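Step one of this worksheet: look at the structure below.
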Number of protein chains: 2
Amino acid sequence: MIILLVEDDTVLATHSIDFLAQEGIEVDYASTVRQAKAISKQQTYDAIVLDINLPDGDGLSLAKLWQNQRQEPILFLSARDALDDKLKAFSLGALDYLTKPFALPELAVRIKLLANKNNPQPTKQFNLDSLQVDLDARIITRGERIIVLSPQQWQLLAMLIKHYPNPVSKDTIINEIWPQQDSNNNMYKSLITRLRSNLTQADEPPLLHTLKKQGVALRKQHD
Amino acid sequence: MIILLVEDDTVLATHSIDFLAQEGIEVDYASTVRQAKAISKQQTYDAIVLDINLPDGDGLSLAKLWQNQRQEPILFLSARDALDDKLKAFSLGALDYLTKPFALPELAVRIKLLANKNNPQPTKQFNLDSLQVDLDARIITRGERIIVLSPQQWQLLAMLIKHYPNPVSKDTIINEIWPQQDSNNNMYKSLITRLRSNLTQADEPPLLHTLKKQGVALRKQHD
DNA sequence: CTATACTGTTACCTTACGGTTACCTATGCC
DNA sequence: GGCATAGGTAACCGTAAGGTAACAGTATAG
């Protein structure tokens, strides 16, 4: 996720950028209207955060300029709590308005809301060869056929996908799937066999490979 | 446009209702959690405005209760400006948070934003195979026949539609439909059987599938 | 007040999940 | 060669999770 921040208070800006980075939000930064126009030419953002008072103009007119050319959701920042400013901002297409001082976590949350509004998060999909896994809906297909897995097998597959393309060690799997049980090697072997047989049938190439002494991994083919 | 306002301060509430009426926003009003639950049973709204402090509970837990069964965007009101409250609210699915005192025009603008921007045209219709559900009128048809559901069954179906095509876990369902009861597995089983039997008859393909140990989901097909 | 619907409860059935075991192959080591 | 280790496969089977039907108590409507 990447946003554009336009803010002339450099202290506030650097704090914000640092905090947002921790939250996984990348920031393009501009301190003036001119810079903002220049830097934003190259890029579309998930959201735009605009200070209203800027040295060479104001955020409101920038928003007015942009409201027909750009489609990003805009959040205004301002030291002024005046109702007029807020209403004007909203009438220019603002989707949110935050009065300084504000808490950085709140800014982060509101940015994420705006960003999600525009692109509802695509369904988490995992693809490998002809295998398709929808991690939310828990639908698995390979080629045309639909694969139904038992709870344990699903759990294992999810682990493997999470670590893809790295192998997952036997111990990790055992501890994850049978917590507080004593590790029975046979249960593990059965589980692997069953998952493998469900994932691949007939002449399909195998996807679940075991690397001796290291564990198992999801791969298109052996190395 | 119609919203639900839950607020125990009757002076504030009447002012708000008057002002929102001028703005063309119709308001259903409740002053307690109990009232809110009762009045909202019959209706879906374009947005919900929730005060956090209420005489018989708080808005946060109400939002938590609703977050899986209702799809309306929620705006919180609170006299408290504490960051924790805000973050908690947002984590419960709030889309906006306004601190008292606030200006009525700002409230109106933010409500309109939620109602319009969040669901451009909220799909009040749900279709799956030959099943048609009108979420507003609560009319369900499959092919030619009209399906009538009991309250519990409707509640469950609404949950499933909201999460479609993802499964909903047994625990989630039990907590939503029988809050504060101890989870009786049999009630759950009966409910599923009853809904399933109402949704599908004779030679129709099944729509309500259960994924063992994981929950149930609405699907076209899955075996 | 009666009839109907809704929901909680029980009893019984069916299924497939997962643990167990037995036997197999491959590789490595003395 | 003999043996050990690591993994693979297939079959067996007890059991728990889920499905269904019937019944009863309570609410609801007419």
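Keep in mind that this is a model prediction, so the values were computed, not measured. In the text below, chain A, chain B and the rest are named by the order of the sequence lines, each starting its count at 1.
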Between atom [atom1] of [X] and atom [atom2] of [Y], what is the distance when rounded to the nearest 0.5 Å?
| X | Y | atom1 | atom2 | value |
| --- | --- | --- | --- | --- |
| B/Thr32 | B/Asp51 | OG1 | CG | 12.0 Å |
| B/Asn166 | A/Asp136 | CG | CG | 5.0 Å |
| B/Asp28 | B/Leu5 | CG | CG | 9.5 Å |

Are any of the side-chain nitrogens in [X] or [Y] under 4.0 Å away from the carboxylate oxygens of its partner?
| X | Y | value |
| --- | --- | --- |
| B/Arg145 | B/Glu204 | yes |
| B/Asp85 | B/Arg80 | yes |
| B/Lys220 | B/Asp129 | no |

Where each residue is assigned the nucleotide of DNA chain D containing its nearest heavy atom, which of A/Gln214 and B/Asn185 is assigned the position nearer the 5′ end?
->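 Looking at the nearest nucleotide for each, A/Gln214 comes out on the 5' side.
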Using a cut-off of 4.0 Å on non-hydrogen atoms, how would the nucleic acid contact of [X] be classed: base, sugar-phosphate, or nothing?
| X | value |
| --- | --- |
| B/Asn184 | sugar-phosphate |
| A/Trp178 | sugar-phosphate |
| A/Gln153 | nothing |

B/Ser31 and B/Gln35: side-chain donor and acceptor closer than 3.5 Å?
-> yes
Return yes if a side-chain donor-acceptor contact under 3.5 Å exists between B/Thr172 and B/Ser169, otherwise no.
->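 On atom types as modelled, these side chains qualify, holding a pair under 3.5 Å.
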Proximity to DNA chain C (any heavy atom under 4.0 Å), residues of residues 189-198 of chain B only =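 Output list: B/Ser190, B/Arg194.
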When A/Pro151 and B/Pro151 are each assigned the nearest nucleotide of DNA chain C, the 5'-most assignment goes to B/Pro151
Mind telling me whether A/Tyr97 and A/Phe90 have parallel, tilted or perpendicular rings, with 30° and 60° as the class edges?
->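 A/Phe90 vs A/Tyr97 ring planes: tilted.
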What are the 5'-most and 3'-most nucleotides of DNA chain D lying under 4.0 Å from any heavy atom of chain B?
-> D/dG18 to D/dA22
Do B/Arg34 and B/Asp56 pass the salt bridge (charged side-chain N to carboxylate O under 4.0 Å, His left out) test, and can you show the C-alpha distance, the side-chain angles, and the key distance before you say yes or no?
-> CA-CA 8 Å; B/Arg34 261 198 51 255; B/Asp56 60 340; 5.6 Å; no
On DNA chain C, which is the earliest and which the latest nucleotide, 5' to 3', with an atom closer than 4.0 Å to a heavy atom of chain A?
-> C/dC17 to C/dT21
Between the main-chain N or O of B/Gln153 and the side-chain N or O of B/Arg194, is there a donor-acceptor pair closer than 3.5 Å?
-> no
